[in-house]
Amino acid sequence: MGKIIMCGSFKGGVGKSVTTFNLAYSLAEIGKKVLAVDFDSQANLTTCFGVEDVEALPVTIGHLMMAEIEEEALPETVDYIHSRNGVDFIPSSMVLSAVDSKLRLEMGAEGMLSRILEPLRESYDYILIDTCPSLGALTINALAAADEVIITVNPQLLAMMGLQDFLKTVGKIRSRINNRLSVAGILLTMCDSRTNLCKVISEEVAETFQNQIRIFESRIPTTVKVGESVYYSEPLIEYAPGNGACEAYRMLAKEVACA
Ligand SMILES: Nc1ncnc2c1ncn2[C@@H]1O[C@H](COP(=O)(O)OP(=O)(O)O)[C@@H](O)[C@H]1O
Ligand SMILES: [Mg+2]
């Protein structure tokens with residue numbers, strides 16, 4: 001049975017989508033069967049997978065959520081699970097933002113994504129969910145569906161602010177909605193180990209959470225190759241296999257898989 005891992009934080013621009021994309025391929029490289037789910041209406045992850053016109057997609061995660069809310073049968077998986085070079089994915093589009101407002105009026109709203117993903121568990125080793133950076137009904141759905149959450153932290157963006165709030169929310173979801181939920185670890189992204197800021201923040205995070213939360217050994221360095229690889233819709237494993245960030249995502253996959 002596959003494990004469902006969400007990539008989260010209450011901030012944008014911290015590398016959630018890039019991490020979901022590259023972790024998916026790094027896990028696939030070590031033989032894991034992976035499904036990546038884009039659960040952000042901005043559809044950055046879908047774009048990473050090379051989909052050019054997301055709004056033209058007939059079935060996205062937003063459509064599936066709508067069907068689930070209306071208690072309609074879901075389409076066949078071949079209609080919404082796409083595949084690119086060994087990794088499967090479910091795309092997103094703006095339809096998901098309409099779902100967000102609709103969910104507020106629904107009973108049992110937090111369990112919708114879980115109902116979509118549970119039947120898919122048996123076909124994968126890992127299901128990775130990329131989320132949007134806010135605590136709305138969508139993020140709560142993702143936390144309710146997940147077994148583990150990887151918290152991405154970017155030292156450039158006042159990392160510690162928001163981290164405690166996020167952890168508090170994880171605790172609430174665990175006690176009220178999903179008692180399986182745990183924190184897989186904190187991942188430092190866009191971290192240049194030569195800079196003082198990265199060192200200071202890494203130490204601060206380590207001191208605050210030691211013995212409580214795992215901090216992944218793997219730290220993702222800042223590199224122009226990430227932006228370029230996203231532009232060309234290729235994971236680092238294909239675009240820049242020798243790059244430091246690629247190595248870091250490979251190491252992260254091993255840490256995740258050995259847990
Ligand atoms: N390791 C990295 N080095 C350089 N740029 C990065 C790195 N990781 C992410 N980025 C860039 O930072 C921006 C935000 O990343 P993204 O994954 O979209 O964040 P989020 O999903 O948290 O909003 C993107 O433009 C992306 O290309
Ligand atoms: Mg994103």
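Numbering of ligands and ligand atoms starts at 1, following listing order.
For the salt bridge (Lys or Arg N to Asp or Glu O under 4.0 Å) test, no residue two or more places apart in sequence or in another chain qualifies with Glu110. With sequence neighbours excluded, the residues that form a ring pair (Phe, Tyr, Trp, His ring centres under 6.0 Å) with Tyr239 are Tyr232.
Backbone or side-chain N, O or S atoms of Thr20 do not reach the Mg ion (ligand 2) at under 2.8 Å.
Under the 30°/60° scheme for interplanar angles, the aromatic rings of Phe49 and Tyr25 are found to be tilted.
Counting heavy atoms of neighbouring residues, nucleotides and ligands inside a 6.0 Å radius, atom CD of Gln212 exceeds 12 of them.
A salt bridge is absent between Lys11 and Asp165: the closest approach of a Lys/Arg side-chain nitrogen to an acidic carboxylate oxygen does not fall below 4.0 angstrom.
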Tabulate below the donor-acceptor pairs under 3.5 Å that side-chain atoms of residues 251-259 make, not counting sequence neighbours, or state none.
{"from": "Glu255", "atom 1": "OE1", "to": "Glu217", "atom 2": "N", "distance (Å)": "3.0"}
{"from": "Glu255", "atom 1": "OE2", "to": "Glu217", "atom 2": "N", "distance (Å)": "3.3"}
{"from": "Glu255", "atom 1": "OE2", "to": "Ser218", "atom 2": "N", "distance (Å)": "2.9"}

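Listed by chain and number, Gly12, Gly13, Val14, Gly15, Lys16, Ser17, Val18, Met190, Ile220, Pro221, Thr222, Thr223, Val226, Gly227 each place a non-hydrogen atom less than 4.0 angstrom from ligand 1.
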